[in-house]
**Student:** 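Take this structure first; my questions come after.
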2 protein chains.
Amino acid sequence: MEIQLQDVSLDLEFEKYEAKFKALADRKRLQILHLLTKQKSICVCDLSPLIDMPQSKLSYHLKILLDAGLIVKETRGTWSYYGIDENEINGILSDKLCCLFKTDCC
Amino acid sequence: MEIQLQDVSLDLEFEKYEAKFKALADRKRLQILHLLTKQKSICVCDLSPLIDMPQSKLSYHLKILLDAGLIVKETRGTWSYYGIDENEINGILSDKLCCLFKTDCC
DNA sequence: ATTATTAATCAAAAATAATTGATTAATACC
DNA sequence: GGTATTAATCAATTATTTTTGATTAATAAT
């Protein structure tokens, strides 16, 4: 009984991290994260030319990162500004990935 | 020129981590990793019933983890024994994931 | 020797995810 | 008010991954 309950909550953990790793499992999204580490926040219209990606595609990938809780969004007027969720990233990634995907490194 | 070269090597980094995160982006594979943390090594035939997965499917998932460099394999006779690649896992995952996917925790 | 077990691989089908271009709704600008 | 810009969403297509059951090659056990 105890074991069963523990298994269920473990499964929920695996499900949770599956979603987060899935969001990280794309070179374009990793590039987006890397760019976001370099500024506090940036809007879609400025990010789009930076990574050479059409707006609809970029919005799609940003939504995946947002739904996974890896980035945060703030809307001001028609603009949406995105930035890294530092706590979340630090809770998942090794310090050795500092320069690539974390803020205040390098 | 410098910037261009740097961009190319960054792209290679993203590509590398894409593969690793892709391997982690599956709840079954996370479950496999978790089980592997609990013993030094285990063969496919013993792992299969533990996670209730047919052999061919398990081999498929183990190959993905192996190709990503997250686990290691040692063949003895007809048996293949798999175990966690600690260095690799430590280089990617936060210490906060210790109890789930790392050895010698909890 | 013969039979059984182990584990990798294969090919086909099913399920998921990514891309594309268009549309929409909201806000900004003149 | 009218036009332009911003970014999310949609539907259709394309691409990728996963599942399944069967086959194969190697070794083990009798």
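A quick note: this is a predicted structure, and the numbers were derived from the prediction, not measured. Every chain is numbered from 1, with letters handed out A, B, ... down the list of sequences. Below, each value reflects all heavy atoms present in this structure, side chains not excepted, and no hydrogens, waters or symmetry copies.
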**Student:** Rounded to whole Å, please give me the gap between CD in A:Gln55 and C1' in D:dA7.
**Tutor:**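 Checked: the CD to C1' distance equals 5 Å.
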**Student:** Are A:His61 and C:dA17 close enough that a side-chain N or O sits under 4.0 Å from OP1 or OP2?
**Tutor:**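 So the side-chain polar atoms of A:His61 never come under 4.0 Å of the phosphate oxygens OP1 or OP2 of C:dA17.
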**Student:** Write down the distance between OH (B:Tyr60) and P (C:dA7), rounded to a whole number of angstrom.
**Tutor:**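 Going from OH in B:Tyr60 over to P in C:dA7 covers 20 Å.
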**Student:** So what does A:Tyr82 touch, heavy atoms closer than 4.0 Å: a base, only the sugar-phosphate, or nothing?
**Tutor:**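 The answer is sugar-phosphate, as A:Tyr82 gets under 4.0 Å only of primed atoms, P, OP1 or OP2.
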**Student:** Starting at atom CG of B:Leu58, determine the distance to atom C1' of D:dT18, rounded to an integer number of angstrom.
**Tutor:**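 Rounded to the whole Å, the gap is 14 Å.
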**Student:** Rounded off to whole Å, could you give me the OH-to-P distance for the B:Tyr81 and D:dT27 pair?
**Tutor:**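 Distance check: B:Tyr81 OH to D:dT27 P gives 15 Å.
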**Student:** For A:Leu47, report the nucleic acid contact type (base, sugar-phosphate, nothing); a contact means any heavy atom under 4.0 Å.
**Tutor:**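 Nothing: the residue A:Leu47, judged by heavy atoms under 4.0 Å, touches no strand.
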**Student:** Should B:Ile64 and B:Tyr81 be counted in the same cluster of Ile, Leu, Val, Met, Phe, Trp and Tyr side chains packed under 4.5 Å apart?
**Tutor:**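 No.
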**Student:** Rounded to whole angstrom units, what separation is found between the CH2 atom of B:Trp79 and the P atom of C:dA4?
**Tutor:**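 Value for this atom pair: 16 Å.
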**Student:** Choose from D:dA8, D:dT18, D:dT27 the nucleotide whose nearest atom is closest to any side-chain atom of B:Ile64.
**Tutor:**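 Taking heavy atoms from C-beta onward, the closest nucleotide is D:dT18.
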**Student:** What contact category does A:Ser56 fall into here, base, sugar-phosphate, or nothing, at under 4.0 angstrom with non-hydrogen atoms?
**Tutor:**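 The answer is base, as A:Ser56 lies within the cut-off (heavy atoms under 4.0 Å) of a base atom.
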**Student:** Given C:dA17, is OP1 or OP2 found less than 4.0 Å from the side-chain N or O atoms of A:Lys22?
**Tutor:**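 Yes, within the criterion.
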**Student:** On the nucleotide C:dA8, are OP1 or OP2 found under 4.0 Å from the side-chain N or O atoms that B:Ser80 carries?
**Tutor:**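 Affirmative; the distance criterion is met.
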**Student:** Reading DNA chain C from 5' onward, which residue's closest nucleotide shows up sooner: B:Cys43 or A:Thr78?
**Tutor:**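 Closest to the 5' end, via its nearest nucleotide, is B:Cys43.
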**Student:** Quick one: are the B:Cys106 and B:Cys98 sulfurs under 2.5 Å apart?
**Tutor:**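 No, no disulfide: SG-SG not under 2.5 Å.
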**Student:** Ignoring the backbone of B:Arg29, work out which of D:dT19, C:dT9, D:dT18 is nearest its side chain.
**Tutor:**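 Comparing D:dT19, C:dT9, D:dT18 against the side chain of B:Arg29, the answer is D:dT18.
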**Student:** In this structure, how many angstroms lie between the P atom of C:dA7 and the CD1 atom of B:Ile32, rounded?
**Tutor:**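 Spelled out: CD1 on B:Ile32 to P on C:dA7 is 13 Å.
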**Student:** Looking at C:dA8, I'd like to know if its phosphate oxygens (OP1 or OP2) sit under 4.0 Å from a side-chain N or O belonging to B:Lys73.
**Tutor:**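 B:Lys73 to C:dA8 OP1/OP2: side-chain N or O found under 4.0 Å.
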**Student:** To the nearest angstrom, how far is B:Asp67 atom CG from D:dT17 atom C1'?
**Tutor:**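 Rounded to whole Å, this separation is 14 Å.
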**Student:** Hydrophobic clusters here meaning ILVMFWY residues chained together by side-chain heavy-atom distances under 4.5 Å, can you tell me if B:Ile32 and B:Trp79 are in one?
**Tutor:**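 No, no single cluster joins them.
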**Student:** Same cluster for B:Ile89 and A:Leu10 if Ile/Leu/Val/Met/Phe/Trp/Tyr side chains link at under 4.5 Å?
**Tutor:**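 Same hydrophobic cluster.
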**Student:** Between C1' on D:dT16 and CG on B:Asp26, what's the gap in Å once rounded to a whole number?
**Tutor:**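 It is 14 Å, rounded to the nearest whole Å.
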**Student:** For A:Met53 and A:Gly77, take the nucleotide of DNA chain C holding the closest heavy atom to each; which residue's nucleotide lies nearer the 5' end?
**Tutor:**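 The 5'-side residue here is A:Met53.
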**Student:** Using a cut-off of strictly less than 4.0 Å, decide whether B:Lys57 has a side-chain nitrogen or oxygen near OP1 or OP2 of D:dT20.
**Tutor:**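 So the side-chain polar atoms of B:Lys57 do come within 4.0 Å of the phosphate oxygens OP1 or OP2 of D:dT20, strictly under.
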**Student:** Under a plain distance cut-off of 3.5 Å, with no hydrogens placed, do B:Gln55 and B:Ser48 share a side-chain donor-acceptor pair?
**Tutor:**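 Absent: no donor and acceptor within the cut-off.
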